[in-house]
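Throughout, a chain's letter reflects where its sequence line sits, starting with A, and its residues are numbered from 1. Note that the structure is a prediction, hence the values are computed from the model and not measured.
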Protein chains: 2
Amino acid sequence: MAIAIQDDKTAGKMMLYLAEKYQLELISVDARVTLLEEGEKARRIYFIKEGCLRLWMNSNGKEITNQFFFEGSLVASLESVLTNQPSDFYLESLEKSVLYVLEKERFEQLWEEDAEFKAWFDHYILKRFIYYSKHLLSFLRDKPEERYRNLLQKNPDIFQRVPQHYIATYLGITAVSLSRIRNKVAKTK
Amino acid sequence: MAIAIQDDKTAGKMMLYLAEKYQLELISVDARVTLLEEGEKARRIYFIKEGCLRLWMNSNGKEITNQFFFEGSLVASLESVLTNQPSDFYLESLEKSVLYVLEKERFEQLWEEDAEFKAWFDHYILKRFIYYSKHLLSFLRDKPEERYRNLLQKNPDIFQRVPQHYIATYLGITAVSLSRIRNKVAKTK
DNA sequence: GTAAAACGATAACAATTGTTAAGATCGTTA
DNA sequence: TAACGATCTTAACAATTGTTATCGTTTTAC
């Protein structure tokens, strides 16, 4: 009896169902709004109804984008929420977004007392664990150009919605290098 | 009320306590023994009492080391165990090792029925999740030389126990490049 | 004990990426 | 509307890494 890992669509629907079930507050934010600062303790988890956000950090004056999040995703500085440590990351909206808000206290209460929520959240952590292990592997195995090709194939929309220089640091390269790779790949096709 | 993330020593002791509690079978394996092949479905989780192992994959004829595991660690192709899919990885002992064996069926039974085991395992997944997210970040943020310096500082023993060319692919570089970096860093000190 | 394999250092050259700077385009804001 | 900032491309050069090969040493296997 194996664990069936949900696909993103199913997980997204489940998330929205839970947001309604727990009657989470809905908020709207403009593009480029910072929802969490580095050094701050994260007190909220967001469920994205519409829009997109990014988690990023400042490393010696350079912005490093850790991850992008779109509709149907849970987003937070999870490490900060779970361990109660100050966040290493900034959380920022890239587009005008509509978000359900789950306060940390409510989250912890649900996690402990609500079996359906606990099952869903534990499964979410498992999914993220598998996602991270695969993403990490792509850094061990692939050159930047291959990481770009993979991203373009699996998530082409991202290039329509997210500035390219953010994508570059997500791929572990500079914006200049990504521009060169795109030029090269476009010629190859 | 935050989740307290256990340090490795505490987690290791807990693991050995559980191994005794569930009276897991103990096996000994020589160095360089393959415990799981690529394409095989993982049917066992191992708890390392003594020794060390590595998880690696073959990518276009090149060996990529995904992770090393030492005393007090749980080791398996977890993704394969959890999803019942064929493993992308090989699991191999690097030294003569002594391992507790937890069969998949027993694991699933404990996970569902034994609260202490479930709490421990869920916590383990959370820890691994945080480990992976930090490790991934080091690929986005640091150059290979910095990843080497960090590893040397945090885990110097690894260079005494693990062949250097395995460490190289774990750091995402070639063995030649790691040798050059070591030479350069040794001169800098 | 000896042959074979594994391991690590190094050299030479190719390929890729980083850095810095300049310029063009587009959208936002006063 | 005009000024500004954000975004992307490109160029030139520096720095780093990959590739291939050789060599000496150590370890393993028969």
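Among the nucleotides dC7(C), dT17(C), dT19(D), the one closest to any side-chain atom of Lys62(B) is dT19(D). Considering only side-chain atoms of Pro144(B), the nucleotide from dG8(C), dT17(D), dT7(D) that sits closest is dT17(D). Distances were taken from every side-chain heavy atom of Arg182(B) (C-beta onward) to each of dA9(C), dG18(C), dT19(D); the shortest belongs to dA9(C). In the set dA11(C), dT17(D), dT9(D), dT17(D) carries the atom at the smallest distance from any side-chain atom of Ile181(B). Distance from the side chain of Val176(A) is smallest to dA11(D) among dA11(C), dA11(D), dC8(D). Nearest nucleotide to the Lys143(B) side chain, out of dT10(D), dT16(D), dG8(C): dT16(D). Of the listed nucleotides (dT17(D), dC7(C), dA21(D)), dT17(D) has the atom at the smallest distance from the side chain of Ser177(B).
Atom pair Leu171(B):CG and dT16(D):P shows a separation of 17 Å (rounding to whole Å applied). Distance CD1 (Ile173(B)) to C1' (dT16(C)): 15 Å, rounded to an integer number of Å. Rounded to an integer number of Å, the gap from Lys184(B) NZ to dG8(C) C1' is 19 Å. For the pair Leu140(B) CG and dG18(C) P, the interatomic distance rounds to 12 Å; values are reported in whole Å. When the P atom of dG8(C) is taken as reference, atom CD of Gln164(B) falls 5 Å away, rounded to whole Å. Rounded to a whole Å, the CD atom of Glu95(B) is 11 Å from the P atom of dT28(D). If you take CG of Asn183(A) and C1' of dT10(D), they are 9 Å apart, rounded to a whole angstrom. Protein atom CG of Asn60(A) is 16 Å distant from nucleotide atom C1' of dT19(C), rounded to whole Å.
When only modelled atom types and interatomic distance are considered, Lys187(A) and Asn183(A) share a side-chain donor-acceptor pair under 3.5 Å. Side-chain atoms of Arg182(B) and Tyr148(B) include a donor-acceptor pair closer than 3.5 Å. For the residue pair Glu20(A)/Tyr100(A), the side-chain donor-acceptor check at 3.5 Å is satisfied.
Across all strands, Ser179(B) comes closer than 4.0 Å to base atoms (heavy-atom distances).
For His165(A), no side-chain nitrogen or oxygen approaches OP1 or OP2 of dA6(D) to under 4.0 Å.
Heavy-atom nearest nucleotides on DNA chain D were determined for Ala31(B) and for Thr174(B), and the one closer to the 5' end corresponds to Thr174(B). Where Arg32(B) and Glu145(B) each meet DNA chain D at their nearest nucleotide, the meeting point lying more 5' is that of Glu145(B).
Judged by atom type and distance alone, Arg180(B) does not reach the base of dG8(C) through any side-chain donor-acceptor pair under 3.5 Å.
Closest non-hydrogen pair, Ile158(B) versus Ile167(B), comes out as O-CD1, 3.9 Å.
Listed for the Ser97(B) side chain is a donor-acceptor partner under 3.5 Å among the backbone atoms of Cys52(B).
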